[in-house]
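Everything numeric here is computed off the predicted structure, so don't read it as measured data. Here is how names work: the chains are called A, B, and so on, in the same order as the sequence lines, proteins then strands, and each is numbered from 1.
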Amino acid sequence: MGQDLLPPLLSAPGVETWAFYILTTLSICLAIAVLADRVVIRSGFILIGVFGTISGIFLLLSAQFLALAQIMIYAVGITLMVVIALMLTNPRLEREQAVVYYDESLPPLAKIFASCKRNLSLWVSVLSFVTLYSALIGENHWPLSDQAVSPDAVKVLGEALVTNYSIPFEFSSVLLLAALMGAVMLAKGESKNRDDDNVAIVDEAKKQENNLALQR
Amino acid sequence: MQNVVTVKEPQSSVNLALGYALFAAAVVGSYAGVLFTPTGIERIFTNHYDFWACLGLALAGWIVRSVGGHKGVIVTMTVLASFIILTLHQPMLLRYLTFAALLFSMGLYGMVQSRNAVRVLLSIELMLNAVNINLIAFSRYVDPVALKGQLFVIFVLTVAAAEAAVGLAVVLAIYRSRQTVDMDKFTLLKW
């Protein structure tokens, strides 16, 4: 029934624009929170919200099947796995300590450039966005189609998966099997021959490394 | 072992020159996308009031920040206002593509910047989602009958699930041997 309701609702004037801006506003705020929150487990939970809003955007693009798959795979499966991994690792280390490089003795202009260098990854990502955006608005030769998405999109997808795209489909199942087996192997491997000598050696090496890092 | 650590900015001129060169290369590269289209130069100088508006917004945010505003609020407002300025007069497909580019860049920043290995994996998931939005937007507006973009999204979802499983298993394995998830301490591949 929802499949019949969605297209006329979206074709009303202004509805798609308003829905787009509401969803993207929520999504951008939540994504910034994911990146900026200092407690990693909280940002893992906020990521559920990002995936929920992105599945709303999939609904706007009339991809109902993929919206539900997005919620089931990402918002439930992957986020749950991330949270479990965070609980298995040390919760004491969750709060990240940012190292602040700061030198008061530099002249003002050099300070500005030092901050640019310190935030180089920020500048790289901002400029990558600017590059992508200018490439997008420079390109307007896309063969846009006026047709709406066919109401039996799931039927089209299923038929394509078992006819034209059957080999990638089979290979993706093999890939999933291999990756899950590898993940189980990696996560299960208990080191059985871990005796006290090895622990002492590892601790000594770690201490030396910490000393080196502090002297640097 | 020292207790007080003073870290100083390395002041060698080679580093500074490298920084200048990278900055200049990035600025030039950001305009190259438009520059190589026909009538690209005129478009940059006459038609790009939106870029200048975003730049002014970022400058205003910087000033407010230096006066003492809260950092997260300023960053969020700047990103949101820039996004709305850049997309308001565009067709619908371009809006979705711009949103995907924004999410991708944010995921890139988080992937490079964060020191916790699990957060790096979260940022990679963000980037994969941005790619999915791109594919679905193209399949909606360019190819609404055969829906090839949605097919590719199904494959991307599969690979993303596999990648998350393997990545988290690797993080667990490294944590077991090193007792840390800090990216700066993963020096296994350093020679």
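Of all the listed residues (Leu172(B), Val166(B), Leu122(B)), the one sharing the greatest number of non-hydrogen pairs under 4.5 Å with chain A is Leu122(B). Per-residue heavy-atom pair counts under 4.5 Å with chain B were compared for Gly182(A), Ala160(A), Ala63(A), Ala36(A), and the maximum is reached by Ala63(A). In terms of heavy-atom pairs under 4.5 Å with chain A, the best-connected choice from Ser139(B), Pro144(B), Gly110(B), Ala169(B) is Pro144(B). The residue among Leu175(A), Ile73(A), Thr25(A) with the most heavy atom pairs within less than 4.5 Å of chain B is Thr25(A). Heavy-atom pairs under 4.5 Å with chain B were tallied for Leu35(A), Leu61(A), Leu60(A); the largest tally goes to Leu61(A). Interface check for chain B: of the options Leu176(A), Asp146(A), Leu120(A), the most heavy-atom pairs under 4.5 Å are formed by Leu176(A). Heavy-atom pairs under 4.5 Å with chain B were tallied for Ser62(A), Ala69(A), Ser173(A), Pro168(A); the largest tally goes to Pro168(A). Among the candidates Leu86(B), Ile84(B), Leu126(B), Val79(B), the residue making the largest number of heavy-atom pairs closer than 4.5 Å to chain A is Leu86(B). Between chain A and the options Leu157(B), Asp143(B), Leu128(B), heavy-atom pairs under 4.5 Å are most frequent for Leu157(B). Counting heavy-atom pairs under 4.5 Å between each of Val112(B), Leu168(B), Val171(B) and chain A puts Leu168(B) at the top. Here Ser125(A) is the residue among Ser125(A), Ala179(A), Ala178(A) with the most heavy-atom pairs under 4.5 Å with chain B. In terms of heavy-atom pairs under 4.5 angstrom with chain A, the leader among Val159(B), Leu121(B), Val118(B), Asn129(B) is Asn129(B).
Proximity to chain B involves both the backbone and the side chain of Leu136(A), based on heavy atoms less than 4.5 angstrom apart. Using a 4.5 Å cut-off between heavy atoms, Val156(A) touches chain B through its side chain atoms alone. Contact annotation for Leu132(A): only side-chain heavy atoms (C-beta onward) come within less than 4.5 Å of a heavy atom of chain B. Contact annotation for Phe171(A): neither backbone nor side-chain heavy atoms come within less than 4.5 Å of a heavy atom of chain B. Using a 4.5 Å cut-off between heavy atoms, Ile84(A) does not touch chain B at all. In this structure, chain B has heavy atoms under 4.5 Å from both the backbone and the side chain of Leu122(A). Looking at Leu144(A), both its backbone and its side chain come within 4.5 Å of chain B, counting heavy atoms on both sides. Heavy atoms closer than 4.5 Å to chain A are found in the backbone of Ala146(B), but not in its side chain. Phe155(B) touches chain A through its side chain: at least one heavy atom from C-beta onward sits under 4.5 Å away, while N, CA, C and O do not. Only the side chain of Ile54(A) comes within contact range of chain B, with at least one heavy atom under 4.5 Å from a heavy atom of that chain. Looking at Lys71(B), neither its backbone nor its side chain comes within 4.5 Å of chain A, counting heavy atoms on both sides. For Leu66(A), the part sitting under 4.5 Å from any heavy atom of chain B is the side chain, from C-beta outward, and nothing else.
Side-chain contact check for Tyr74(A) versus Val50(A): every heavy-atom pair is 4.5 Å or farther apart. Looking at Ser43(A) and Val40(A), their side chains come closer than 4.5 Å, going by heavy atoms from C-beta outward. Side-chain atoms of Val126(A) and Tyr109(B), non-hydrogen and from C-beta on, never get closer than 4.5 Å to each other.
At most 12 non-hydrogen atoms from other residues, nucleotides or ligands lie less than 6.0 angstrom from CZ of Phe169(A). No more than 12 heavy-atom neighbours from other residues, nucleotides or ligands sit within 6.0 angstrom of CZ on Phe152(B).
The two atoms that bring Gln64(A) and Leu59(A) nearest to each other are CG-CD2, 3.8 Å, heavy atoms only. When all heavy atoms are compared, the tightest approach of Ser55(A) to Gln70(A) is CB-CG, 3.7 Å. Across every non-hydrogen atom of Thr76(B) and Cys29(A), the tightest pair is CG2-SG, 3.7 Å. Residues Thr79(A) and Ile48(A) share a closest heavy-atom pair of CG2-CG1, 3.3 Å. Closest heavy-atom contact between Leu186(A) and Arg176(B): O-NH1, 4.0 Å. Scanning all heavy atoms of the two residues, the minimum distance from Thr78(B) to Ile74(B) falls at OG1-O, 2.6 Å.
Proximity of a side-chain donor or acceptor of Arg119(B) to a complementary backbone N or O of Gly44(A) within less than 3.5 Å is not detected.
Classified by interplanar angle (parallel below 30°, tilted 30° to 60°, perpendicular above 60°), the ring pair Phe20(A)/Phe83(B) is tilted.
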Check: residues 91-108 of chain B side-chain donor-acceptor pairs under 3.5 Å, at least two apart:
residue, atom, partner, partner atom, Å
Arg95(B), NE, Thr87(B), O, 3.1
Arg95(B), NE, Gln90(B), O, 3.4
Arg95(B), NH1, Thr17(A), OG1, 3.3
Arg95(B), NH2, Leu88(B), O, 3.0
Tyr96(B), OH, Glu16(A), OE2, 3.3
Thr98(B), OG1, Leu94(B), O, 2.6
Ser105(B), OG, Ala101(B), O, 2.7

